[in-house]
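Heavy atoms only: backbone and side chains are in, while hydrogens, waters and symmetry mates are out. Chain letters run A, B, ... following the sequence lines, proteins first, then strands; residues in each count from 1.
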There are 2 protein chains.
Amino acid sequence: MVQAQTLSRNQQIVLDIIEKAKGPLKAYSILFNVQKKGINAPQQIYRALDKLIEMGKIHKIESKNAFVACRSSDCEISKATAFSICESCEMVDEISDAKLSKYLSSFNHRKGMKFKRFNLEFFGLCKKCK
Amino acid sequence: MVQAQTLSRNQQIVLDIIEKAKGPLKAYSILFNVQKKGINAPQQIYRALDKLIEMGKIHKIESKNAFVACRSSDCEISKATAFSICESCEMVDEISDAKLSKYLSSFNHRKGMKFKRFNLEFFGLCKKCK
DNA sequence: CTCAAATATGTTATATTATAACAAACGTTA
DNA sequence: TAACGTTTGTTATAATATAACATATTTGAG
Ligand SMILES: [Zn+2]
Ligand SMILES: [Zn+2]
Ligand SMILES: [Zn+2]
Ligand SMILES: [Zn+2]
């Protein structure tokens with residue numbers, strides 16, 4: 001089990017960087033940013049990322065292999081995530097839309113599969129890049 | 001531009017393997033499978049994969065870094081894709097549901113972004129693994 | 001047909017992303 | 001304290017993907 005409250009030292013360092021970032025961060029760019037803080041190896045980053053994802057503090061943008069802080073309260077422990085991604089400036093915005101989430105959560109594939117989780121990524125041009 | 005009809009030799013070889021496969025294939029497993037046919041380098045695989053994706057013949061399952069043949073006619077040139085993915089046996093099934101597709105295609109984020117494309121991945125246990 | 005452009009191929013090298021494996025330290029709590 | 005789970009540190013390596021350059025093949029305009 002993962003306790004909701006306390007983050008370990010490395011987890012806190014990694015989360016801080018991701019939360020401060022304006023856009024999605026890649027694992028190795030996080031690594032380069034924390035070498036001054038005594039974190040030297042990819043494992044240390046990936047372990048922190050894994051735990052933070054489990055806790056729902058961050059999400060992985062699968063199409064970019066990058067990580068963003070969770071800005072929503074709806075996506076409890078990352079069971080239902082949706083993002084809009086600008087194909088020009090790389091901006092990522094977490095979509096927190098109750099209707100969308102409800103619609104997808106109750107969607108059932110006719111082949112009899114019961115879903116536990118979904119991830120949705122929209123692509124386009126953001127307001128600025130349009 | 002990509003012409004719809006003819007596939008090049010390497011593209012055809014790669015597509016054949018993906019179409020014959022029961023599940024998603026990874027780039028390097030495709031590579032190992034075609035070395036007898038004179039394809040030796042990852043570049044050759046990735047180039048074929050890129051073109052096949054552009055043509056809508058295959059899709060990339062982002063959460064698995066793997067590729068499946070398109071079984072649908074709805075997802076024209078991969079603008080609107082959805083998959084169900086079994087977390088136990090790795091099975092991937094393309095979801096072709098007109099209502100879902102329409103719902104998501106017309107979904108507009110209130111922050112003013114106009115979407116060109118989406119990809120949706122559902123996770124759970126398939127009928128067999130349930 | 002002919003030549004130029006576009007597309008596809010082959011090849012070597014390298015970049016990027018992620019995990020394995022092992023040892024030590026730390027924090028509970030029984 | 002002893003035992004357990006979790007976190008850390010570290011070295012090595014696996015897996016995924018692209019860069020760069022040379023050549024070949026196909027296509028289509030003139
Ligand atoms: Zn979230
Ligand atoms: Zn943008
Ligand atoms: Zn398809
Ligand atoms: Zn299954």
### Query
Has B:Lys128 got more than 12 heavy atoms of other residues, nucleotides or ligands less than 6.0 Å from its NZ?
no

Less than 3.5 Å apart, which donor and acceptor atoms pair up between the side chains of residues 33-43 of chain A and the rest of the protein, not counting sequence neighbours?
unit_1: A:Asn33; atom_1: ND2; unit_2: A:Ser29; atom_2: O; d: 2.7
unit_1: A:Asn40; atom_1: ND2; unit_2: A:Gly38; atom_2: O; d: 3.4

### Task
Assess the side chains of A:His59 and A:Thr81: does a donor N or O sit below 3.5 Å from an acceptor N or O?
no

#### Entry: Test item: side-chain donor near acceptor, B:Glu121 and B:Ser63, under 3.5 Å
yes

### Message
If hydrophobic residues (ILVMFWY) are linked whenever their side-chain heavy atoms come closer than 4.5 Å, directly or via other members, who joins B:Leu125 in its cluster?
### Response
none

Any side-chain N or O of [X] under 4.0 Å from OP1/OP2 of [N]?
X	N	value
B:Asn40	C:dT9	no
A:Ser8	D:dT8	yes
A:Gln44	D:dG9	yes

### Message
Are B:Phe122 and A:Phe107, when compared by the centres of their aromatic rings, separated by less than 6.0 Å?
### Response
yes

### Earlier contact from the 5' end, DNA chain C, for A:Arg47 and B:Arg9
B:Arg9

### Summary
Going 5' to 3' through nucleotides 14-19 of chain C and flagging B where a protein heavy-atom sits under 4.0 Å of the base, S where only the sugar-phosphate is that close, and - otherwise, we get ---BBB

### Task
State which residues pass ring pair (Phe, Tyr, Trp, His ring centres under 6.0 Å) with A:Tyr103; sequence neighbours excluded, sorted by chain then number.
B:Tyr103

#### Entry: Between CG on residue A:Leu31 and CD on residue A:Gln44, distance to nearest 0.5 Å
8.5 Å

Could you list, one pair per line, each protein nitrogen or oxygen that sits under 3.5 Å from a nitrogen or oxygen of nucleotides 28-30 of chain C, together with the distance?
none

### Task
Please report how far the helix from C:dC1-D:dG30 to C:dA30-D:dT1 bends, comparing the axis fitted to its first five pairs with the axis fitted to its last five, to the nearest 10 degrees.
40°

